[in-house]
Amino acid sequence: MMIFTDKVTKTYQSGEVTIYALKQASIEIPVSKIVAILGPSGSGKSTLLNVIGGIDRYDSGSIQVNNGTLENLKDRQLTEYRRNNVGFIFQQYNLIPTLTVKENVEVGQELSENPLEMEDILQKVGMWDKKDKFPYQLSGGEQQRVAIARALIKNPRLLLCDEPTGALDEETGKNILKLLKFVNDHYGTTILIVTHNQGIGDMAHMAIRMSSGEIVESSHNETPLDPEKVTWS
Ligand SMILES: Nc1ncnc2c1ncn2[C@@H]1O[C@H](COP(=O)(O)OP(=O)(O)O)[C@@H](O)[C@H]1O
Ligand SMILES: [Mg+2]
């Protein structure tokens, strides 16, 4: 799935002031790659992720995904696009505390038309042995693995990760990055990772840098680093 954004602008109104969360953001994102979106807090990283994922609408410009044009979709079609094509992972794991690991992942499974197999996914994220545990019985890294499984079981073409390692220590964070790399290798999932950890840019095939809602730099990386070797910051 190729993604194009063409001069995408999104504003928020704060009293008299117009905030440009995205300002004429144009970018081409290749299929089946890992793409890091870097930049300081407030630079528009999450907004870019959310408009590509169909969580948010934008004011002007165009986004082409999978030969579809997002601004032309009605709300119901946008929901369908999101449900069938996109998995989300956030810094907060957003697991349901009263459900077990397996039941949490079932939530993702039920959303999809062609879900993957439960045992296969839980094995791949290393959580099959803990499938009957509740979130409070898990470490942060394990909870993030469950959140990744919940996103992956939908079999999405696009996995959008907003600060996925933001709440994790270096070792656990790198293990999550290794898992994302494995997912990219194994399923060919296009993965966008929002981060202010510069090092994560070095493990990506492409890095996009944002500042004040604008895309100020994009670079391709022919030799992405092994997640183990990235500098953690
Ligand atoms: N719901 C909102 N209401 C008002 N302003 C918002 C909202 N969401 C984001 N913004 C503003 O848009 C800008 C970009 O935000 P965001 O995309 O979250 O940045 P980042 O993820 O890089 O920290 C910031 O100035 C932020 O305050
Ligand atoms: Mg953000």
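Remember, it's 1-based here, ligands and their atoms both numbered in the order they're listed.
Checked by atom type and distance alone, the side chain of Thr100 never pairs as donor or acceptor with a backbone atom of Asp132 at under 3.5 Å.
Closest heavy-atom approach to atom 22 (O) of ligand 1 among the candidates Met210, Lys45, Gln13: Lys45.
Side chains of Glu163 and His196: a donor on one and an acceptor on the other come within 3.5 Å. Between the side chains of Gln77 and Arg82, no donor-acceptor pair of N or O atoms lies under 3.5 Å. Side chains of Asp59 and Thr11: a donor on one and an acceptor on the other come within 3.5 Å. Using modelled atom types and a 3.5 Å distance limit, the side chains of Glu71 and Ser62 yield a donor-acceptor pair. No donor-acceptor contact under 3.5 angstrom links the side chains of Asn175 and Thr172, judged on distance only.
For the ligand labelled ligand 1, residue Gly39 lies outside the 4.0 Å heavy-atom shell. Ligand 1 lies nowhere less than 4.0 angstrom from a heavy atom belonging to Ser14.
At a distance under 4.0 Å, no protein heavy atom can be found next to atom 26 (C) of ligand 1. Atom 8 (N) of ligand 1 is approached by the protein to below 4.0 angstrom, counting heavy atoms only.
Where the criterion is an N or O separation shorter than 3.5 Å, residue side chain and backbone included, Gly44 meets it with respect to ligand 1. Checked by distance only, ligand 1 and Ala21 stay at 3.5 Å or farther apart across all their nitrogen or oxygen atoms.
Summarising the hydrophobic clusters (Ile, Leu, Val, Met, Phe, Trp, Tyr; side-chain heavy atoms under 4.5 Å, direct or chained), the residues clustered with Phe134 are Tyr136. Counting Ile, Leu, Val, Met, Phe, Trp and Tyr side chains that sit under 4.5 Å apart, directly or through other members, Leu99 shares a hydrophobic cluster with Ile96, Val107.
Summary of contacts: the protein heavy atom closest to atom 4 (C) of ligand 1 is Tyr12 CG, 3.4 Å. The nearest protein atom to atom 24 (C) of ligand 1, hydrogens excluded, is given as Gly42 O, 3.7 Å; this is a heavy-atom distance. Scanning all protein heavy atoms for the shortest distance to atom 18 (O) of ligand 1 gives Ser46 CB, 3.8 Å. Closest to atom 16 (P) of ligand 1 among all protein heavy atoms lies Thr47 OG1, 3.6 Å.
Contact atoms of ligand 1 toward Pro40: 22 (O) (distance under 4.0 Å to a heavy atom of the residue). Near Ser43, meaning under 4.0 Å from one of its heavy atoms, ligand 1 places the atoms 19 (O), 20 (P), 22 (O).
Shown are the protein N/O/S atoms under 2.8 Å from the Mg ion (ligand 2), given by residue and atom: Ser46 OG.
The two residues Ser112 and Lys154 come nearest to each other via the heavy atoms OG-O, 3.0 Å. Across all their heavy atoms, Ala151 and Phe88 have their closest contact at CB-O, 3.7 Å.
With sequence neighbours left out, the ring-ring contact (aromatic ring centres under 6.0 Å, His included) criterion links Phe182 to His186.
The pair Asp75-Arg57 counts as a salt bridge, with a side-chain nitrogen and a carboxylate oxygen less than 4.0 angstrom apart.
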